[in-house]
Amino acid sequence: MLWFGFGYSGFGQLGPGEGFTLNLPEPVQLKGANVEKKRIVRAVPSWSYTAVVTDEGSLLLSGCVGGSPQQVICFPSLGCCDVLPSEKYLIILRKERAECWDVLHLDCKGTVPEPMWKMEFSDLYDTAFPLVAKGYVLSEPPFFRELPPTLQAQKMALGNEHAVLLTSDGKVLTWGSGRHGQLGHGDVEDVSEPRVVEALHGLTVREVASGGWHTVSISGPFSREDPTECDEDEDDDLIGIQSFPALIDLPQETEAAKVSCGSRHTATVTRSGQLYTWGWGKYGQLGHGDTKNLDQPKRVEFFYQGKFCVKDVTCGHWNTYVMCLPEAK
């Protein structure tokens with residue numbers, strides 16, 4: 001399994017020594033912590049650092065950690081299964097509990113800190129993080145919130161100011177800040193409790209993702225984005241708002257399988273193993289070799305021309321991580 005990263009790397013979150021930005025995908029190389037031979041299974045970026053989980057449960061932090069940039073810190077054999085990073089707090093999922101670390105007070109020696117919060121699990125669960133037994137974790141106090149069991153939550157994604165939840169029967173619910181139309185309810189009002197996105201009624205949704213100001217879901221052979229990100233430059237005063245779900249067609253009738261959202265960009269993996277990106281591209285986070293913005297999905301040629309089969313994608317605020325396999329010969 002191969003990992004590539006591209007986009008903003010001003011703190012070394014794409015690997016120490018990399019440039020300020022990467023406009024094309026580069027292999028993720030974690031140096032200086034005796035971790036080169038460990039197999040990465042998860043790469044989850046915050047803004048100034050990235051949390052990496054290996055197949056044998058080690059945790060690595062790359063970027064600005066403990067107030068110092070260009071760090072690679074390893075916590076070996078931690079039993080880490082997944083992570084939810086933010087600039088202040090790092091939520092870690094271990095085999096039978098979740099716990100929170102204070103990122104600003106981590107040392108560079110890899111000393112496992114005393115958790116500032118933890119929650120033991122007595123019930124088994126088979127949902128994806130941040131969902132846990134009886135609710136979900138979040139990267140700010142109180143760190144855990146309950147969900148009504150009647151929701152039958154299957155998957156959940158947390159944006160900067162909102163959340164989206166997918167139920168086992170394919171319904172989509174959103175709540176939180178709606179000031180950019182990211183909740184999909186046809187307005188810009190805030191919603192305090194999970195609310196069904198009525199505009200998606202009748203569609204069985206398979207995947208959901210949330211970014212800074214937008215939400216994306218995949219239903220059948222189509223990718224639906226809510227709202228469409230329309231800003232042309234970071235400094236523009238005018239930002240388009242799409243408060244109802246809008247259909248996004250992938251080129252050549254390609255079927256979307258997975259999706260992820262950054263602050264203002266989106267990436268989707270197709271069933272044939274290709275990667276498409278669009279949105280804000282100022283730091284090269286779209287992977288097309290430039291810093292242009294795109295209002296329509298465009299295939300990332302690096303993986304297609306290199307005969308890589310893309311399996312998954314994770315967008316950070318201003319960067320993107322891709323997991324792929326070389327094409328079988």
| said: Salt bridge or not between Glu140 and Lys88? Use side-chain N to carboxylate O under 4.0 Å. | reply: no

| field | Close side-chain approach of Leu59 to Val52, heavy-atom, < 4.5 Å | value | no

| query | How close do Val216 and Cys261 get, heavy atom to heavy atom, and via which atoms? | reply | CG2-SG, 3.6 Å

| field | Beyond-backbone contact of Val208 with Val172, side-chain heavy atoms, under 4.5 angstrom | value | yes

| said: Please report whether the ring centroid of Tyr321 lies less than 6.0 Å from that of Phe6. | reply: no

| message | Donor-acceptor pair, distance only, cut-off 3.5 Å: does the side chain of Ser9 make one with the backbone of Leu14? | response | yes

| said: Taking Leu24 as the starting point, is it possible to reach Tyr283 by hopping between hydrophobic residues whose side chains are less than 4.5 Å apart? | reply: no

| query | Taking Ser177 for the side chain and Glu161 for the main chain, is one N or O donor matched with an acceptor at less than 3.5 Å? | reply | no

| said: Hydrophobic clusters here meaning ILVMFWY residues chained together by side-chain heavy-atom distances under 4.5 Å, can you tell me if Leu84 and Leu104 are in one? | reply: no

| note | Residues Gly12 and Ser62: closest non-hydrogen pair is O-OG, 3.0 Å

| query | In this structure, are over 12 heavy atoms from other groups packed under 6.0 Å from Tyr304 atom OH? | reply | no

| query | Taking it one step at a time, do Thr268 and Val313 satisfy side chain to side chain contact (heavy atoms under 4.5 Å, CB included)? | reply | CA-CA 7 Å; Thr268 187; Val313 62; over 6 Å; no

| field | Shared hydrophobic cluster, Met1 / Val322 (ILVMFWY, side-chain heavy atoms < 4.5 Å) | value | yes

| Between CH2 of Trp47 and CD of Gln13, what distance do you get to the nearest 0.5 Å? | 8.0 Å

| request: Would you name the heavy atoms of Arg206 and Leu166 that are closest together and state the gap between them? | output: O-CD2, 3.3 Å

| query | Can you find a heavy atom in the side chain of Ser77 that is under 4.5 Å from one in the side chain of Glu56? | reply | yes

| query | Going by an N to O cut-off under 4.0 Å, is there a salt bridge joining Glu99 and Arg97? | reply | yes

| said: Between Glu114 and Met116, is there a side-chain heavy-atom distance shorter than 4.5 Å? | reply: no

| Derivation and outcome, salt bridge (charged side-chain N to carboxylate O under 4.0 Å, His left out), residues Glu193 and Arg195 | CA-CA 6 Å; Glu193 298 293 334; Arg195 178 178 165 188; over 6 Å; no

| note | Output for pair (Leu173 CG, Leu183 CG), nearest 0.5 Å, gives 11.0 Å

| field | Verdict with reasoning, Thr167 to Gln152, per side chain to side chain donor-acceptor pair (under 3.5 Å) | value | CA-CA 5 Å; Thr167 67; Gln152 297 182 327; over 6 Å; no

| query | Should we count CD of Glu146 as having more than 12 external heavy atoms under 6.0 Å? | reply | no

| field | Minimal non-hydrogen separation, Gly212 against Gln182, with atom names | value | O-NE2, 4.3 Å

| field | Main-chain N/O of Asp187 paired to Glu189 side chain as donor or acceptor, under 3.5 Å | value | no

| query | Salt bridge or not for Glu207 and Lys258, using N-O below 4.0 Å? | reply | no

| said: With a 3.5 Å distance limit and no angle check, can you tell me whether Gln274 reaches the backbone of Ser272 through a side-chain donor-acceptor pair? | reply: no

| query | Passes ring-ring contact (aromatic ring centres under 6.0 Å, His included), Phe302 versus Phe4? Steps please. | reply | CA-CA 11 Å; Phe302 173 89; Phe4 291 84; 5.4 Å; yes

| field | Exam field: side chain Glu198 to backbone His185, donor-acceptor pair closer than 3.5 Å | value | no

| field | Side-chain donor-acceptor pair present, His317, Ser46, cut-off under 3.5 Å | value | no

| Minimum heavy-atom distance between Val300 and Gly287, given as atom pair plus value | CG1-O, 3.5 Å

| Does Val53 reach the side chain of Cys81, with side-chain heavy atoms less than 4.5 Å apart? | no

| field | Heavy-atom side-chain contact between Phe143 and Val137 under 4.5 Å | value | no

| task | Could you please spell out the steps behind the ring-ring contact (aromatic ring centres under 6.0 Å, His included) verdict for Tyr8 and Phe20? | result | CA-CA 6 Å; Tyr8 182 72; Phe20 185 78; 5.0 Å; yes

| task | Give, for atom NZ of Lys298 and atom CG of Leu275, the distance between the pair rounded to the nearest 0.5 Å. | result | 12.5 Å

| message | For the backbone of Gly181 and the side chain of Ser243, can you confirm whether one donor and one acceptor N or O come within less than 3.5 Å of each other? | response | no

| remark: Distance col, row Ile92:CD1 vs Trp101:CH2, nearest 0.5 angstrom, shows 3.5 Å

| Does the distance from a Lys or Arg side-chain N to an Asp or Glu carboxylate O, for Lys109 and Asp107, drop under 4.0 Å? | no

| message | Using side chain to side chain contact (heavy atoms under 4.5 Å, CB included), reason through Phe308 and Leu325 one step at a time and then give a plain yes or no. | response | CA-CA 6 Å; Phe308 292 104; Leu325 292 171; over 6 Å; no

| task | Using a 4.5 Å cut-off on heavy atoms from C-beta on, say whether the side chain of Pro245 contacts that of Val197. | result | yes

| request: Please answer whether the main-chain N or O of Ile73 pairs with a side-chain N or O of Gln71 as donor and acceptor at a distance below 3.5 Å. | output: no

| task | Ignoring hydrogens and angles, state whether a donor on the side chain of Thr277 or His265 is under 3.5 Å from an acceptor on the partner side chain. | result | no

| note | One should read off an interatomic distance between Phe144 CZ and Leu147 CG, to the nearest 0.5 angstrom, of 7.5 Å

| field | Aromatic ring pairing Trp280/Trp318, orientation class (parallel under 30°, perpendicular over 60°, tilted between) | value | perpendicular

| request: Kindly assign one of parallel, tilted or perpendicular to the pair Trp213 and His180, based on the angle between their ring planes and the thresholds 30° and 60°. | output: parallel

| Is there a donor-acceptor contact under 3.5 Å from the side chain of Tyr49 to the main chain of Ser86? | yes

| Of Asp55, Thr54, Asp82, the residue whose pairing with Arg42 passes side-chain hydrogen bond (donor to acceptor under 3.5 Å, both in side chains) | Asp82

| Is the backbone of Ser48 close enough, under 3.5 Å, to the side chain of Glu87 for a donor and an acceptor to pair up by distance? | yes

| query | Closest approach of Ser192 and Trp175, non-hydrogen atoms and distance? | reply | O-CD1, 4.0 Å

| said: Using side chain to side chain donor-acceptor pair (under 3.5 Å), reason through His214 and Thr266 one step at a time and then give a plain yes or no. | reply: CA-CA 9 Å; His214 65 297; Thr266 303; 2.9 Å; yes

| field | Distance in Å, Ile91 CD1 paired with Leu138 CG, rounded so as to fall on 0.5 Å steps | value | 7.5 Å

| Do NZ/NE/NH1/NH2 and the carboxylate oxygens of Glu96 and Arg94 come within less than 4.0 Å? | no

| query | Are any of the side-chain heavy atoms of Leu61 and Thr50 separated by less than 4.5 Å? | reply | no

| query | Distance-only, no hydrogens or angles: does the Thr174 side chain make a donor-acceptor pair with backbone N or O of Leu165 under 3.5 Å? | reply | no

